[in-house]
Amino acid sequence: MICHFGGPEQTSHQRRLEFLLILISTLTIASIMLASLALRSAVAGCRNYQCKNFAKCYQAITKFTRPFATMQDKQATMPPGYKAKAGAFQTFEIPQQVTGSRGDIILGKAMINAWRRDGILQVSMDESQRSVADKAFATSQRYFDIPYDRKASCVNDQSFSGYIASGEELTDNIADYSEIFTVTKDLPQSDPRVKAKWPCHGPCPWPDTRMKSSIKTYMNHLGDSGDKILQLIACGLELPDINELTKYTRDGWHHLRVLRFPARDKTNGKGKDGRGIGSHTDYGLLVIASQDSVGGLFIRPPYKDEKYANWEKSVAGAYENDHRWVYVPPVPNVFTVFPGDMMQYITNSYLPSTPHKVGLNNDQRFAFAYFHEPNFQATLEALPGFESDENSRGIHYGTHFTNMSMRNYPQRITAKRIRAENRMAVLHTPELKTLGAAPKPAPKEEQGAEGGMQRIVDAVKNKAEEVFFSNQVAV
Ligand SMILES: O=C(O)CCC(=O)C(=O)O
Ligand SMILES: [Fe+2]
């Protein structure tokens with residue numbers, strides 16, 4: 001006899017079976033729908049999905065964002081002479097907008113976990129960022145290819161922007177082989193902060209308008225990502241306001257290093273074999289780095305038995321030659337993102353500043369390091385819930401940046417002018433330490449371009465330039 005479900009001949013056993021079957025199919029459909037929603041939220045960086053199940057969604061993000069490259073691929077580009085584990089870093093997609101939704105909180109927590117575990121995370125570039133980054137890399141190659149004298153003329157005595165020759169920058173007293181064009185806030189002479197002789201404030205000595213436009217566009221994109229990442233981190237830290245971190249970055253002292261490293265057998269001999277940049281941490285809130293396919297970057301994940309505070313005692317050169325470094329293999333179309341000194345300070349080392357270093361490879365290497373920073377006038381305080389004796393005094397970002405620049409480039413014309421004009425003293429004026437406060441004009445006698453002070457400055461500058469140029473070799 002053929003039984004039809006629901007038919008007149010149905011026994012109670014068959015009805016139970018029918019009920020069970022319906023229940024199982026409903027549950028299967030529901031779990032497929034849930035899984036696909038969770039996956040979609042992971043792909044979309046939790047854009048719209050208001051997650052109800054924290055653990056499941058978090059797991060989905062963690063699994064989905066693991067990269068798929070094999071260990072062999074990742075080791076292949078490691079600079080010769082280095083032994084390190086190759087990292088497999090988590091990659092995140094940043095939403096169009098961060099609103100503080102449940103999804104944003106989950107994403108922020110996943111990013112925080114990645115930093116605390118690996119010291120670094122990756123962020124996918126969107127379509128427009130890819131094209132802007134490609135253009136910036138092309139611009140960088142074009143600049144470093146121009147004759148040495150033209151590159152080297154791009155310096156400024158008021159800002160630390162401009163050219164730094166291979167072998168000019170020191171890390172832990174050893175010359176770095178990086179050749180750099182630094183871009184700090186590009187301010188005209190008419191800007192009140194420049195007129196008031198604030199240290200580090202001045203124009204960027206661009207070689208041409210093409211480079212200016214391409215690099216500024218790139219920096220604007222990085223700035224947008226930087227603020228969104230900070231908002232996500234604020235969500236992940238469950239801070240009372242999603243702008244708890246971005247309140248510091250309005251008119252932030254964002255800057256960028258356009259970098260070229262020579263091949264390991266094509267250096268000018270001023271540094272140490274195979275070493276591109278010595279181990280160091282960077283100064284602000286976030287470092288957003290990008291590199292070509294050559295490979296050279298190593299980072300140091302947080303270790304429980306290591307504690308440092310770069311704003312108190314330099315960590316430059318620390319642990320440089322031990323085996324605890326992790327290689328950052330080039331991955332196409334991602335930014336690598338890690339915390340800087342200020343993030344460590346305000347989180348009481350919950351998010352420590354990530355030490356990193358660069359090795360030289362068989363080919364020249366191009367890279368960018370963008371620093372998403374607080375406003376120069378900002379004094380950073382411990383975040384709610386992260387207060388301790390160590391961060392109770394607050395730290396003035398402009399002073400930290402100026403100290404670090406003076407330490408790294410003591411012989412640069414900018415450092416000489418800061419010393420000659422005693423600009424360090426300006427750092428102590430109340431308006432320089434108050435967000436949004438207007439600068440007070442410099443005293444009359446110091447403003448005159450023809451004054452005695454200016455003559456001293458010019459003499460120092462000329463001498464510095466002489467030394468600067470005589471020390472260089474063409475690349
Ligand atoms: O070359 C890199 O990838 C990073 C460079 C760097 O650490 C820096 O410029 O501070
Ligand atoms: Fe760095």
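Note that ligands are numbered from 1 as they come in the structure, with each ligand's atoms numbered from 1 the same way. Scope of the values below: all heavy atoms of this structure, side chains included, with no hydrogens, waters or symmetry mates.
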Once you measure the plane-to-plane angle for [X] and [Y], does it fall in the parallel (<30°), tilted (30-60°) or perpendicular (>60°) bin?
X	Y	value
Trp311	Tyr345	perpendicular
Phe298	Tyr327	tilted
His201	Phe376	perpendicular
Phe181	Tyr143	perpendicular

Q. At what distance is the nearest protein heavy atom to atom 1 (O) of ligand 1, and which residue and atom is it?
A. Arg365 NH1, 2.9 Å
Q) What is the nearest protein non-hydrogen atom to atom 9 (O) of ligand 1, stated with its residue, atom name and distance? A) Arg257 NE, 2.7 Å
Q. Distance only, no hydrogens: is a donor on one side chain within 3.5 Å (strictly under) of an acceptor on the other, for Glu179 and Tyr163?
A. yes
Q.
Regarding Gln231 and Asn243, do their side chains bring together a donor and an acceptor under 3.5 Å, going by distance alone?
A. yes
Report, in ascending order of atom number, the atoms of ligand 1 lying under 4.0 Å from any heavy atom of [X].
X	answer
Leu259	5 (C), 9 (O)
Ala369	8 (C), 9 (O)
His356	7 (O)
Phe261	1 (O)
Asp282	10 (O)

Q) Evaluating non-hydrogen atoms only, which member of Gln291, His280, Glu169 is closest to atom 10 (O) of ligand 1? A) His280
(Q) Whether Arg116 engages the ring of Tyr350 as a cation-pi pair (distance to the six-membered ring centre under 6.0 angstrom, angle to the ring normal within 45°) should be assessed. (A) yes
Q) Within 45 degrees of the axis of the six-membered ring of Tyr303 and under 6.0 Å from its centre: does Arg324 put its NZ or CZ there? A) yes
Q.
Yes or no: does Phe371 have any heavy atom under 4.0 Å from an atom of ligand 1?
A. yes
**Q.** Residue-ligand contact Lys357/ligand 1, heavy atom below 4.0 Å
**A.** no
(Q) Please report the interatomic distance CD1(Ile288) to NE2(His221), rounded to the nearest 0.5 Å. (A) 13.0 Å
Q: Rounded to the nearest 0.5 Å, what's the gap from NZ on Lys416 to CD on Gln411? Could you check?
A: 4.5 Å
Q.
Using a strict threshold of under 4.0 Å (side-chain N to carboxylate O), is an ion pair present between Asp251 and Arg193?
A. yes
Q | In the protein, N/O/S atoms that are found under 2.8 Å from the Fe ion (ligand 2), waters not counted | A | His280 NE2, Asp282 OD2, His356 NE2
**Q.** Tyr283, portion touching ligand 1 at heavy-atom distance under 4.0 Å
**A.** neither
